[in-house]
Visitor: 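Attaching a single structure in structure tokens format; questions to follow.
Residue numbers count from 1 along this sequence.
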Amino acid sequence: YEVNNAQMSYFFTTNLSSELSKNSTVYQYYGLDTSKSLKTQNYPSGGTWYDYFMQSVTIPSVKQMLTLCEQAKSVGFELSDDDRASIDESIQTIKDTASQRGYSVSQYVMNYYGYGVNLKDVRSAMEMSQLAYSYYNSVMDSYEHSDSDLAGYFSEHENDFLKIDYLSYTFKVSDVKNADTSTDTDTSADTDTSTDTDASTDTSAESKEEDEDAEYKAQIKASADSLAAITDVEQFKAYVENYLKTVVYASETDTDKLDGNVTSAMSKLETKGASYSEDSDEIKALFDMTEANKTFLHTHDDGTCEVYLLTAPKYREEYTTKNARVIALSSSDSGSITSTIDTINEALNSAEDKDAKFIELADEYSRSTAKDALYENIGKDDFDIDEMNAWLWDESRADGDRDIFSKESTSSSTSASSTTYYYIVMYKGDGMTKWKYDVDTAMKNAQYEEAYKGFEEAHGGDKITVNLDNIYKIPTT
């Protein structure tokens, strides 16, 4: 298997589109402007954004694909009829889109995937990509684990799967500094500006600042000690809320802004389902605690104090995951999002086989690439939408039930830039118990990682030649 320049242009375009779809907010934060050429924009750690997306994203992805294709070939694994039908559908979608937009197929393909790319290149690239994907899935599906296997692996790697819940609040010196309005700023009596007194004045000011910092640190330590003495959840929350109002935001005279600031800060108080981390002394300390309603105080050198209240010691996630088909849409997609949603709902409402129609519509509209739009073993943190979770885990939920949920994502670089994501969801029943699914996934990943080392030794690594001179002749943006 080999990839020519036209196919590489296809892979670059699809990888770029996928990356921007998943991480647009992050890339905007780091200064990427997608309206300008990638080759003229500097990447933060050196080179250009084009270099990054080509050498750090696309080339590794293509090398992995080629390794899997060669391994599949070596064991006689081929594309299935379903795989080929899926590729045919994708090619037909390209033709239909070209027609709808008034282009010939060749014009549309070049406009979208790059100069010199034709439909034959796209098909062959899709075939390689699908072969690698299907072979990967066949390898992963070959790994099966009994309940005994799962329990054994769990017991050997407990900290990888156990969770804790806690409340936490951080007392900062800057908060009490900003709230302190008692400092005397009247310097009208200091009329002696002679050079002889400059040094002593500077020393006095430094000494005064050190004394004030020591006083502020003592204040927040006293407040942290008071909070650390509280082991009741509601009282803990009440203390923090009062502190926010009377200290942190004490100078805020606008009631609505005050309430908004306090509500926002309080929403960050609780953490559920936290995982173990060797990099966090606080998390390690909380994992060592065996009883709920116990506190832990960590004081930093700069005076900052963090207070933690453990609300649930180490536990296994015993809830049942859910399965659902999902059509993912975005307000940044071309056309009217409202019109698209209405079109999808009308088609589903009138369809006799709603399941089959959902899959068909997902192929046409969804940003997701999940096979048949099916998400299996959905956890409560996967979509991070409270309303969606409440709906999925509602005891009255039945197979085929459908609803739509939305989530707004605001750019880190500017609050004015935001995208709303919409999820049309069809319920498809229960998945595995959450901890079992996580353990099963970890075991499969470990097995696959070991197997891939063999694939790479036989077909990858330096056995794959990368011609950067040719690659950089690709006329992409």
Visitor: Does a side-chain heavy-atom distance below 4.5 Å link V326 with S366?
Guide: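 Counting from C-beta outward, V326 and S366 never come under 4.5 Å.
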Visitor: Is the closest side-chain heavy-atom distance between V233 and N293 below 4.5 Å?
Guide: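 They are in contact (side-chain heavy atoms under 4.5 Å apart), so the answer is yes.
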Visitor: How would you list all residue pairs meeting side chain to side chain donor-acceptor pair (under 3.5 Å) that involve residues 221-230, not counting sequence neighbours?
Guide: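 Sorted result for residues 221-230: K221-D225.
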Visitor: Rounded to the nearest 0.5 Å, what's the gap from CG on L227 to OG1 on T295? Could you check?
Guide: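 L227 atom CG to T295 atom OG1 measures 8.0 Å (nearest 0.5 Å).
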Visitor: Is the number of heavy atoms from other residues, nucleotides or ligands under 6.0 Å of K354 NZ greater than 12?
Guide: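 Yes.
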Visitor: Which residues satisfy the side chain to side chain contact (heavy atoms under 4.5 Å, CB included) test with S275, sequence neighbours excluded?
Guide: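 K163.
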Visitor: Who passes side chain to side chain contact (heavy atoms under 4.5 Å, CB included) against V247, sequence neighbours left out?
Guide: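 Counting only residues at least two positions away or on another chain, V247 forms a side chain to side chain contact (heavy atoms under 4.5 Å, CB included) with V176, A179, Y243.
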Visitor: What heavy-atom pair brings L150 and K436 nearest, and what distance separates the two atoms?
Guide: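 Looking at all heavy atoms of both residues, the closest pair is CD1-CB, 3.9 Å.
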Visitor: Can you measure from CD1 (I344) to CD (E364) and round to the nearest 0.5 angstrom?
Guide: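 That separation rounds to 8.0 Å.
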Visitor: Hey, is the main chain of I424 close enough, under 3.5 Å, to the side chain of R402 for a donor-acceptor pair?
Guide: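 No; zero donor-acceptor contacts below 3.5 Å.
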Visitor: Please check if the side chain of R397 supplies one atom and the backbone of W391 the other of a donor-acceptor pair under 3.5 Å.
Guide: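 Checking the backbone N and O of W391 against the side chain of R397, a donor-acceptor pair under 3.5 Å is found.
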Visitor: What's the shortest heavy-atom distance between F12 and M54, and which atoms?
Guide: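 That closest heavy-atom pairing would be CD1-CE, 3.5 Å.
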Visitor: Y10 versus M126: any side-chain heavy-atom pair under 4.5 Å?
Guide: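 Yes - at least one pair of side-chain heavy atoms lies under 4.5 Å apart.
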Visitor: Report yes or no: does D302 contribute a side-chain atom to a donor-acceptor pair with the main-chain N or O of T304 at less than 3.5 Å?
Guide: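 Checked: pair present.
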Visitor: Distance check, rounded to the nearest 0.5 Å: D281 atom CG versus L286 atom CG?
Guide: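 D281 atom CG to L286 atom CG measures 11.0 Å (nearest 0.5 Å).
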Visitor: Evaluate the criterion salt bridge (charged side-chain N to carboxylate O under 4.0 Å, His left out) for residue pair K444 and D440; output intermediate values, then yes/no.
Guide: CA-CA 6 Å; K444 286 183 175 181; D440 184 60; 3.6 Å; yes
Visitor: Given the side-chain rings of H157 and Y153, with only the six-membered ring counted for Trp, is the space between their centroids under 6.0 Å?
Guide: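 Here the rings of Y153 and H157 have centres that are less than 6.0 Å from each other.
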Visitor: Do any N or O atoms from the side chain of S18 and from the backbone of N15 form a donor-acceptor pair under 3.5 angstrom?
Guide: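 Between the backbone of N15 and the side chain of S18 there is no qualifying donor-acceptor contact (under 3.5 Å).
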Visitor: Tell me whether the centres of the aromatic rings in Y169 and Y239 are closer together than 6.0 Å.
Guide: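 When the ring centroids of Y169 and Y239 are compared, they turn out to be at least 6.0 Å apart.
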Visitor: Answer yes or no for K39 and Y50: cation-pi contact, defined as NZ/CZ to six-membered ring centre under 6.0 Å and angle to ring axis within 45°.
Guide: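 Ring-cation test returns yes.
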Visitor: Describe, in one word, how the ring planes of Y136 and Y448 are oriented to each other, choosing from parallel (under 30°), tilted (30 to 60°) and perpendicular (over 60°).
Guide: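 The rings of Y136 and Y448 stand perpendicular, inter-plane angle above 60°.
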Visitor: Please name the pair of heavy atoms, one in T420 and one in S406, separated by the smallest distance, quoted to 0.1 Å.
Guide: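 Minimum heavy-atom contact is CG2-CB, 4.0 Å.
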Visitor: By the side chain to side chain donor-acceptor pair (under 3.5 Å) test, which pairs, at least two apart or in different chains, include something from residues 257-273?
Guide: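 As it turns out, there is no side chain to side chain donor-acceptor pair (under 3.5 Å) pair with a partner in residues 257-273 once direct neighbours are skipped.
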Visitor: Taking the six-membered ring where the residue is Trp, are the ring centres of Y30 and Y52 under 6.0 Å apart?
Guide: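 No, ring centres 6.0 Å or more apart.
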Visitor: Can you see which heavy atom on S35 is nearest to which on D33, and at what distance?
Guide: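 Heavy-atom minimum between the residues: OG-OD1, 2.6 Å.
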Visitor: Could you please spell out the steps behind the salt bridge (charged side-chain N to carboxylate O under 4.0 Å, His left out) verdict for K217 and D213?
Guide: CA-CA 6 Å; K217 290 179 181 179; D213 281 349; over 6 Å; no
Visitor: Checking the side chain of D342 only, and the main-chain atoms of S339 only, is there a donor and an acceptor separated by less than 3.5 Å?
Guide: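 No, because the side chain of D342 does not come within donor-acceptor range (under 3.5 Å) of the backbone of S339.
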Visitor: Are there more than 12 heavy atoms of other residues, nucleotides or ligands under 6.0 Å from atom OH of Y315?
Guide: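 More than 12 within 6.0 Å, yes.
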Visitor: Apply the test salt bridge (charged side-chain N to carboxylate O under 4.0 Å, His left out) to residues E457 and K453: give CA-CA distance (whole Å), side-chain angles for both, the deciding distance (0.1 Å), then the verdict.
Guide: CA-CA 6 Å; E457 185 176 342; K453 289 178 183 177; over 6 Å; no
Visitor: Would you call the rings of Y27 and F53 parallel, tilted or perpendicular if under 30° counts as parallel and over 60° as perpendicular?
Guide: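 The rings of Y27 and F53 stand perpendicular, inter-plane angle above 60°.
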Visitor: Answer yes or no: is there a donor N or O on one side and an acceptor on the other, between the side chain of T67 and the main chain of E456, under 3.5 Å?
Guide: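 No, because the side chain of T67 does not come within donor-acceptor range (under 3.5 Å) of the backbone of E456.
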Visitor: Which residues satisfy the side-chain hydrogen bond (donor to acceptor under 3.5 Å, both in side chains) test with T255, sequence neighbours excluded?
Guide: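 For T255, no residue satisfies side-chain hydrogen bond (donor to acceptor under 3.5 Å, both in side chains) once neighbours in sequence are set aside.
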Visitor: Which atoms form the tightest heavy-atom contact between D438 and F161, and what is the distance?
Guide: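 Heavy atoms only, the tightest pair is O-CE2, 3.6 Å.
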Visitor: Is it the case that the side chain of Q41 and the backbone of S37 share a donor-acceptor pair, with hydrogens and angles ignored and the cut-off at 3.5 Å?
Guide: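 Confirmed, Q41 side chain pairs with S37 backbone.
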Visitor: Using only atom types and a distance under 3.5 Å, with no angle test, would you say the side chain of T433 pairs donor to acceptor with the backbone of E318?
Guide: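 Here the side-chain-to-backbone pair does not exist.
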Visitor: Please enumerate all residues that pass side chain to side chain contact (heavy atoms under 4.5 Å, CB included) together with K63, with sequence neighbours excluded.
Guide: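 For K63, the residues satisfying side chain to side chain contact (heavy atoms under 4.5 Å, CB included) (neighbours in sequence not counted) are I59, I464, V466.
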Visitor: Of the non-hydrogen atoms in L20 and T34, which two are nearest, and what is the gap between them?
Guide: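 Looking at all heavy atoms of both residues, the shortest contact is CD1-CG2, 3.8 Å.
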